[in-house]
Amino acid sequence: MRVLDYTAVDRTERPVRVLQFGEGNFLRAFVDWMVDIANERGVLDTSVAVVSPRFKNNAGICALKAQDGLYHVCLEGIEGGRPSKSSRLITCIADAFSPAEDFKRYESYILSPELRFVVSNTTEAGIRYEQDDVRSETPVTFPGKVTSMLYRRFRYFDGSPERGLIFLCCELIEDNGSTLREYVIRHAENAGLEPEFIRWVKDACIFCDTLVDRIVPGFPHDTIDDVKEELGYDDNMVVKGELYHIWAIGGEGYERVREEWPLDKAGLNVLFMPSIKSFRDKKVRILNGSHTGMVPVALQLGCDTVLDAFSNEDVNRFVNGMVDREVIPMIDEDPSEVKRFADGILERFYNPYIRHFLKSIALNSLSKWEARNFPTVADWWSRRGLHAEAELFTFASLMALYAPDSGFEPEDNAEHLAIIRDAWSAGGDYRDIVRRIVGSGIFVNDFETSVPGFSDKVAGYLSVIKADGMAVELKNFLTDEAHYKD
């Protein structure tokens with residue numbers, strides 16, 4: 001088996017135009033995979049320098065350096081209804097290091113006239129505001145590091161508008177890029193940096209809001225020997241992911257970004273738009289809402305994974321029916337386009353290679369259901385004066401799953417779980433229990449006021465689930481065509 005380094009692989013030398021904060025599985029199987037393809041297809045000509053987000057050395061950086069930045073991405077999923085697999089050797093990473101160990105090296109990149117893009121995935125906790133010394137070489141927080149980096153670049157190039165940078169944040173928070181910009185400006189103001197620098201950040205730099213989507217399980221520990229044998233390399237940084245991918249990039253300056261970062265012209269599923277809000281809402285309602293709604297139903301049927309759930313004929317029909325008849329009609333876009341988008345999303349549920357555990361998705365289901373599923377319920381009532389029956393069924397299923405006698409131990413807000421236990425122990429009929437829970441302050445929205453009859457509908461489903469079991473009530477639901485009335 002061949003060692004994976006530059007002695008075994010030919011690599012095209014390209015300018016380092018991308019500085020990447022993060023060496024983790026997702027960025028390597030998503031952004032770097034895209035850059036590699038775009039280089040090959042002639043729409044980009046760039047290498048990537050990878051730094052550890054906290055600036056400290058770590059195992060990932062060490063392993064990446066040991067292989068000269070080379071590794072394979074192995075993708076598995078469903079295409080056209082059939083299982084499909086592919087693998088690719090990634091060669092676009094030119095450098096990987098810790099700035100804490102070699103700050104001069106880091107400085108050479110942040111002051112390089114060739115640098116244009118900054119990519120990051122510092123987790124949801126990375127883009128946060130805390131007091132920081134942005135005049136130092138190594139601020140603690142990521143926004144602090146970005147402020148320091150930009151200030152050094154601003155002074156080095158004497159405020160040239162041509163030396164601004166484009167930020168492509170992949171953190172899974174809403175308004176990720178614009179939030180980072182807000183924090184950079186706040187740091188600059190609090191540190192007393194020149195007003196000219198703040199204007200340069202606003203005018204010369206672009207902070208994109210993005211939404212990324214690809215399931216990346218990461219290093220295949222269980223099958224690594226077989227994977228290495230198939231690849232023919234002793235690759236200790238191989239990363240596995242699903243075939244499906246989408247990257248929505250929007251916000252101020254998105255047209256300029258599309259010109260300079262034309263990944264869509266490489267045949268990649270990258271979308272550029274003035275605002276990603278409507279796209280985010282669509283994705284959240286269809287993909288995340290389906291997950292959150294399906295989980296309490298499928299768990300009570302003995303399913304362990306998403307594939308288990310979608311292999312159950314009743315669950316499959318229920319989720320597809322909910323998306324087609326309730327979710328899609330409330331999305332203000334061309335129904336045929338939304339349907340095509342939804343079909344691509346739901347096809348991922350059949351992926352036999354990804355073990356996506358329902359218990360993992362069930363984490364914090366109370367807040368997830370309110371954010372992902374309730375908007376559809378509210379829209380049906382406000383626009384048509386009707387109840388979104390399938391979505392209400394999922395909430396009843398969630399209440400049954402969270403009931404003290406369900407045998408399931410939820411991972412959720414401890415205070416909220418205590419409120420639910422008290423609501424059940426107080427007795428009364430199911431309507432009383434549901435009303436206590438929805439009126440307890442657990443949820444930001446007042447479900448009953450927004451959707452009159454909410455509690456009665458949920459209680460009706462809940463009573464049968466508790467009396468006869470999920471399998472019986474799900475079949476009852478599916479055989480009652482009134483539930484699918486447009």
Side-chain angles (χ1 to χ4, degrees), residues 76-84 215 217 242-244 284-328 339 341-363 365 368-369 372-373 376-377 388-403 405-411 457-458 460-484:
E76 301 172 317
I78 302 295
E79 282 188 327
R82 295 183 177 182
S84 180
I215 297 171
E242 66 171 336
L243 286 167
Y244 180 90
V284 166
R285 290 195 187 198
I286 293 174
L287 173 61
N288 304 106
S290 293
H291 271 156
T292 298
M294 174 182 66
V295 162
V297 176
L299 281 173
Q300 292 176 81
L301 292 173
C303 302
D304 291 325
T305 67
V306 170
L307 182 60
D308 290 341
F310 248 49
S311 298
N312 180 297
E313 183 179 346
D314 288 344
V315 175
N316 189 316
R317 184 182 164 204
F318 173 78
V319 173
N320 277 283
M322 180 176 73
V323 171
D324 286 346
R325 305 193 187 200
E326 293 186 359
V327 178
I328 290 176
K339 171 63 175 171
F341 176 83
D343 287 346
I345 289 285
L346 295 180
E347 185 178 55
R348 302 162 70 188
F349 288 27
Y350 298 95
N351 192 339
Y353 304 107
I354 304 294
R355 289 183 59 77
H356 205 177
F357 287 97
L358 300 176
K359 286 185 178 180
S360 298
I361 303 173
L363 177 69
S365 282
K368 285 179 178 177
W369 192 92
R372 301 171 175 184
N373 301 75
T376 297
V377 176
E389 301 285 353
E391 294 281 20
L392 293 175
F393 184 93
T394 67
F395 188 77
S397 302
L398 182 58
M399 294 299 97
L401 186 69
Y402 274 41
D405 61 351
S406 72
F408 179 76
E409 296 184 5
E411 291 186 63
K457 282 284 185 179
V458 170
Y461 293 132
L462 181 59
S463 64
V464 182
I465 292 172
K466 297 296 291 181
D468 301 330
M470 178 57 71
V472 170
E473 178 60 339
L474 182 59
K475 286 188 180 296
N476 289 343
F477 185 93
L478 293 171
T479 55
D480 187 349
E481 284 299 317
H483 292 144
Y484 289 137

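Throughout, numbering of the chain's residues begins at 1 and tracks the sequence. The analysis underlying the following values was restricted to heavy atoms, covering all of them including side chains, and did not include hydrogens, waters or symmetry mates.
Note that CG of Leu401 is 8.0 Å distant from CE of Met470, once rounded to the nearest 0.5 Å. The distance from atom OG1 of Thr394 to atom CE of Met399, rounded to the nearest 0.5 Å, is 9.5 Å. With values rounded to the nearest 0.5 angstrom, Ile286 atom CD1 is found 10.5 Å from Met322 atom CE. Atom NZ of Lys359 sits about 8.5 Å away from atom CD of Glu409, to the nearest 0.5 Å.
The closest side-chain donor-acceptor pair between Thr305 and Asp308 falls under 3.5 angstrom. Between the side chains of Glu313 and Asn316, no donor N or O sits under 3.5 Å from an acceptor N or O.
No donor-acceptor pair closer than 3.5 Å links the side chain of Glu242 to the backbone N or O of Arg348. The backbone N or O of Glu389 lies less than 3.5 Å from a partner atom in the side chain of Glu326, making a donor-acceptor pair. No donor-acceptor pair closer than 3.5 Å links the side chain of Thr292 to the backbone N or O of Gly289. Ser406 places no side-chain N or O within 3.5 Å of a backbone atom of Tyr402 that could act as its donor or acceptor partner. Here the side chain of Lys368 pairs a donor or acceptor atom with the backbone of Leu363 at under 3.5 angstrom. The backbone N or O of Ser397 sits less than 3.5 Å from a side-chain atom of Gln300, completing a donor-acceptor pair. Of the possible donor and acceptor atoms, none in the side chain of Glu347 sits under 3.5 Å from a partner among the backbone N and O of Asp343. Asp468 contributes no side-chain N or O that, together with a main-chain N or O of Glu473, makes up a donor-acceptor pair within less than 3.5 Å.
Counting only heavy atoms from C-beta outward, the side chains of Phe310 and Asn320 approach each other to under 4.5 Å. Annotation: side chain of Phe395 is not in contact with side chain of Lys457 (no heavy-atom distance under 4.5 Å). Residues His356 and Asn351 have side chains not in contact (no heavy-atom distance under 4.5 Å, counting atoms from C-beta outward). Taking 4.5 Å as the limit, some side-chain heavy atom of Val306 sits within range of a side-chain heavy atom of Leu358. Counting heavy atoms from C-beta outward, Tyr244 and Ile345 have side chains that approach closer than 4.5 Å. Put simply, the side chain of Glu391 reaches to within 4.5 Å of the side chain of Val327, judged on heavy atoms. Counting heavy atoms from C-beta on, the side chains of Leu301 and Leu474 come closer than 4.5 Å.
Pro83 approaches Tyr353 most closely through the heavy-atom pair CB-OH, 3.6 Å. Here the closest heavy-atom approach between residue Ala396 and residue Leu462 is recorded as O-CD1, 3.6 Å. Contact detail for Leu398 and Ser365: the closest heavy-atom pair is CD1-CB, 3.7 Å. Scanning all heavy atoms of the two residues, the minimum distance from Gly77 to Leu243 falls at N-CD1, 3.6 Å. What you find for Ala362 and Phe408 is that their closest heavy atoms are CB-CZ, 4.2 Å. Looking at every heavy atom in both residues, Val297 comes nearest to Val315 through CG1-CG2, 4.4 Å.
Ring to ring, His291 and Phe349 are close: their centroids are under 6.0 angstrom apart.
Relative orientation of the Phe393 and Phe477 rings is tilted, given thresholds of 30° and 60° on the angle between their planes.
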